[in-house]
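Structure, as structure tokens:
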Amino acid sequence: MRKWIWILLIVFAASIGLTAGQQVEVQEATLSNGMKFLMVPRHEAPTVSAGWVARVGSVNERPGITGIAHLFEHMMFKGTRTIGINDYEEGAEIQASQDAVRAEMEKEYSKLREMLRKGEIAGNIYSPENMTPRLRELRAELEALFAKEREVIVKDELDHIYTREGASGMNAGTTPDQTVYFITVPSNKLELWFWLESDRLLNPVFREFYSERDVVREERRLRVESTPTGRLDEQFDALFWNASPYGWPVIGWPSDVESITRRQAEEFFGVYYAPNNITAALVGDFDPEEAVRLAERYFGRIPRGEIDPPEVVTQEIEQLAEKRLLGEADTNPRVTIRFQAVPFNHEDMFALDLLADILSGRTGRLYRSLVEEKQLAVGQPSAGMQSLRYEGFFQVGAEVKEGADPLQLEAGLMREIEKLQEDLVPERELQKVKNQAMANSFRRLQSNFFLLLQLLIYDSSDDWTYLNESPEKVQAVTAEEVREAARRYLKPEKKNVAVYLRREGAAPMDPALSGLPPEVRASVQQQITQIEESTDLESLQQALVQTQQMAGQAPEEFRPALEYVQRKIQERIAALEAEQSPETGPAPPQNQEQDR
């Protein structure tokens, strides 16, 4: 699975704030076990974008098992009692043996934790240099069991079944609030989707559990540790949140991921992957009545969860003083200012969304003031409202122009916020950003796949009806409400500031990244790291085709990021082909028109 491409779509969809001015006709059905289905028939093409979302993310974790929601996303592709295995009984015996060996290893790790506490060892208890002789023996046993398990499993069989039947884009993504699974299938293979997806909810088997944690560690290296600002961004998030479980990363703290057991994963599945905690959606060429019949036949056989998912009760406390983070990284100098704000669909969210639109973009106030007039910033300064399910934050930021003072840029960012607190936004300027937001969101609804993601994310954040109800709320926002929101939430004494300076000797960032929103830029940087390290030419070529398809159907504002990733894939393909055929020289990049 090329998750390093498709995860971009999750970032895009999760960052959507306002929706379109047209009503989307959504048919809704709820099964007796509590599972909800959302259906939007569209018969323009013989395909169906299909997916489901579990209302669980990192916010539902606790210290000790951070990262389990993301790890569990990996587990959901490991097969069932009949898929992904040649001999189920033998596979189950191997897994039981793995669990037993791992339990013995945990006893040794407990001893190492105590030694670390007393200062008898240093560093990470999972580092090879701290491994005890007994741990080495147990690790060798576990590796032997990994090899034995590989002999009976059928690798990626779920993906192969879908691909053989003409489906594409099977993948998933975990956010702080939800875990989304999606694919596009031919219309005449919709029943296959119902069978396969219900089977992995009814009969999941968490194969390769302990070896998959190595995959997650590698993912963390690529997503966090190998990106220019990944570890600093992680620490800024932890600094920003005091009490809220949003303070830990989706990928989890390394020590927690190392210690999660298969039993904990099974308990987690029983609570959060019950049908009463899941919404499924279909967008495309299908008959709703037939879809409901199939839903009852396949998903209806899954029993309702015995325990309702526990409510998230820990609320963020009020910030009483300014907080700052100063760090150096292999990046262009940048200033980011963040404030506590409101959750998704809060009545003040719409004013804050519009406030962000007033500030951001090449026609926004930050660009005119800080780039064109004061020449303190370069690229495209950003402003955004991030409304999560239980909390939210408002953020502005800009890249420091070479030779400019970051403190002056910080003051410039705050001055633009102060203007919004002092004066009413002119009606014409306010209506302009309302219209632009509506136009952008309208384009997002044209793609079946993007509509699917929005339905799933909105319903797991609050309710899918946000899609149709928000336009009226957006249009109703007044200039007075925008000013009041700026005064209420963007107070100077409550700001959180991150200043990133360029590490000595570091190369400047690619200018193409400067104009991307921060959350998109971070995701793109993660993808580029993986692309540049990839040596799998076939996988890169498949990824190139996917990004070309995505760029063709993605909303306009997302295309620069997709085209940038596409260009990097082309460059990597050319480099690998040149290495393999040095006499012919590098192959010309494909699809040159996208590079312009």
Any donor-acceptor pair under 3.5 Å from R262 side chain to F206 backbone: yes
Just jot down the ring-ring contact (aromatic ring centres under 6.0 Å, His included) partners of F209, sequence neighbours excluded, or say none. none
Would you confirm whether E61, through its side chain, and A69, through its main-chain N or O, come within 3.5 Å as a donor-acceptor pair? yes
Set of ring-ring contact (aromatic ring centres under 6.0 Å, His included) partners for Y109, sequence neighbours left out: Y126
Are Y210 and F146, when compared by the centres of their aromatic rings, separated by less than 6.0 Å? no
Could you give me the CA-CA distance, side-chain angles and deciding distance for V53 and D459, then say whether side-chain contact (heavy atoms from CB on, under 4.5 Å) is met? CA-CA 9 Å; V53 60; D459 203 66; 5.6 Å; no
Grab the two heavy atoms, one from A291 and one from M39, that are nearest each other, plus how far apart they are. CB-SD, 3.9 Å
May I ask you to decide if V56's main-chain N or O and T179's side chain share a donor-acceptor pair within less than 3.5 Å? yes
Looking only at side-chain N and O atoms, does T66 offer a donor or acceptor that is under 3.5 Å from a partner on D256? yes
Heavy-atom closest pair, residues I251 and V257: O-CG2, 3.5 Å
Contact check, side chains of R113 and S259, non-hydrogen atoms, under 4.5 Å: yes
Output yes when a side-chain donor or acceptor of E391 lies under 3.5 Å from a complementary backbone atom of S244, and no otherwise. no
For E296 and L31, indicate whether the former's side chain and the latter's backbone hold a donor-acceptor pair under 3.5 Å. no
Output the distance between atom CZ (F344) and atom CG (D463), rounded to the nearest 0.5 Å. 9.0 Å
Looking only at non-hydrogen atoms, find the nearest pair between A280 and L456 and report the distance. C-CD2, 4.1 Å
Do the non-hydrogen side-chain atoms of T261 and D99 ever get within less than 4.5 Å of each other? no
Are S460 and R389 linked by a side-chain donor-acceptor pair shorter than 3.5 Å? no
Would the Y181 and W52 ring centres measure less than 6.0 Å apart? yes
Taking the basic N atoms (NZ, or NE/NH1/NH2) and the acidic carboxylate oxygens, is any pair closer than 4.0 Å for E208 and K155? yes
Relative to the ring of F299, is the ring of F194 parallel (under 30°), tilted (30 to 60°) or perpendicular (over 60°)? perpendicular
Side-chain donor-acceptor pair under 3.5 Å between T175 and D177, yes or no? no
Rounded to the nearest 0.5 Å, what separation is found between the CZ atom of R220 and the CD atom of E225? 5.0 Å
Can you give me the closest heavy-atom contact between T174 and H70, atom names plus distance? OG1-CA, 3.7 Å
Flag side-chain contact, heavy atom, 4.5 Å: L201 against M76: yes
Apply side chain to side chain donor-acceptor pair (under 3.5 Å) to the pair T279 and R55, showing each step before the final yes or no. CA-CA 8 Å; T279 295; R55 296 179 186 82; 2.5 Å; yes
State, with a plain yes or no, whether a side-chain heavy atom of P303 is found less than 4.5 Å away from one of L202. yes
So, using ring-ring contact (aromatic ring centres under 6.0 Å, His included) as the criterion, who are the partners of F236 when residues are at least two apart? none
Do N33 and N276 have side chains that get closer than 4.5 Å, going by heavy atoms? no
Keeping the roles fixed (side chain from S187, backbone from T47), state whether a donor-acceptor pair exists under 3.5 Å. yes
Could you tell me whether Y272 and F72 have their ring centroids closer than 6.0 angstrom? no
Salt bridge or not for E114 and K111, using N-O below 4.0 Å? no
Close side-chain approach of W193 and L282, heavy atoms under 4.5 Å: yes
Other residues, nucleotides and ligands only: do more than 12 of their heavy atoms fall within 6.0 Å of CZ on R231? no
Is it the case that the side chain of E108 and the backbone of L135 share a donor-acceptor pair, with hydrogens and angles ignored and the cut-off at 3.5 Å? no
Minimum-distance pair of heavy atoms, taken over all atoms of S168 and I183: O-CG1, 3.3 Å
Donor-acceptor contact below 3.5 Å, side chain R136 vs main chain P128: yes
Students often mix this up, so state it plainly: with edges at 30° and 60°, are the rings of F449 and F182 parallel, tilted or perpendicular? perpendicular
Does the pair R102/E106 count as a salt bridge with the N-to-O cut at 4.0 Å? yes
Qualifying residues under side-chain contact (heavy atoms from CB on, under 4.5 Å), relative to K107, sequence neighbours excluded: E104
Would you check if the side chain of W248 reaches a backbone N or O of S58 as a donor-acceptor pair within less than 3.5 Å? yes
Is R207 paired with E149 through a side-chain N to carboxylate O contact shorter than 4.0 Å? no
Under 4.0 Å between a side-chain nitrogen and a carboxylate oxygen: does that hold for R263 and E267? yes
Please list all pairs passing the salt bridge (charged side-chain N to carboxylate O under 4.0 Å, His left out) test where one or both residues lie in residues 187-203, with sequence neighbours left out. E165-K189, E191-R297, E197-R200
Is there a side-chain contact (heavy atoms from CB on, under 4.5 Å) between I573 and Q570 once you walk through the steps? CA-CA 5 Å; I573 288 173; Q570 292 170 339; 5.7 Å; no
Under the salt bridge (Lys or Arg N to Asp or Glu O under 4.0 Å) criterion, do R134 and E137 qualify, and how do the steps go? CA-CA 5 Å; R134 177 58 177 156; E137 294 176 4; 3.2 Å; yes
Start with the C-alpha distance between L451 and V40, add both sets of side-chain angles, then the distance that settles side-chain contact (heavy atoms from CB on, under 4.5 Å), and finish with yes or no. CA-CA 9 Å; L451 177 55; V40 182; 4.1 Å; yes
Could you check whether the rings of Y246 and W241 sit parallel, tilted or perpendicular, using 30° and 60° as the cut-offs? tilted
Has R301 got a side-chain atom pairing as donor or acceptor with Y298's backbone, closer than 3.5 angstrom? yes
Can you tell me if CD on E120 sees more than 12 non-hydrogen neighbours from other groups inside 6.0 Å? yes
Could you give me the CA-CA distance, side-chain angles and deciding distance for Y162 and L158, then say whether side-chain contact (heavy atoms from CB on, under 4.5 Å) is met? CA-CA 6 Å; Y162 270 129; L158 182 67; 4.1 Å; yes
Is there a side-chain contact between E157 and I161 in this structure, where contact means two heavy atoms from C-beta onward sitting under 4.5 Å apart? yes
Note, E141 side chain near S97 side chain (heavy atom, < 4.5 Å): no
Show the nearest heavy-atom pair for residues I85 and T80, with the distance to one decimal. CG2-O, 4.3 Å
Mind checking what makes side-chain contact (heavy atoms from CB on, under 4.5 Å) contact with R81, not counting sequence neighbours? Y88, N203, V205
Got a sec: does the CD of E25 have more than 12 other heavy atoms crowding it under 6.0 Å? no
To the nearest 0.5 Å, tell me how far Q235 CD sits from L239 CG. 9.0 Å
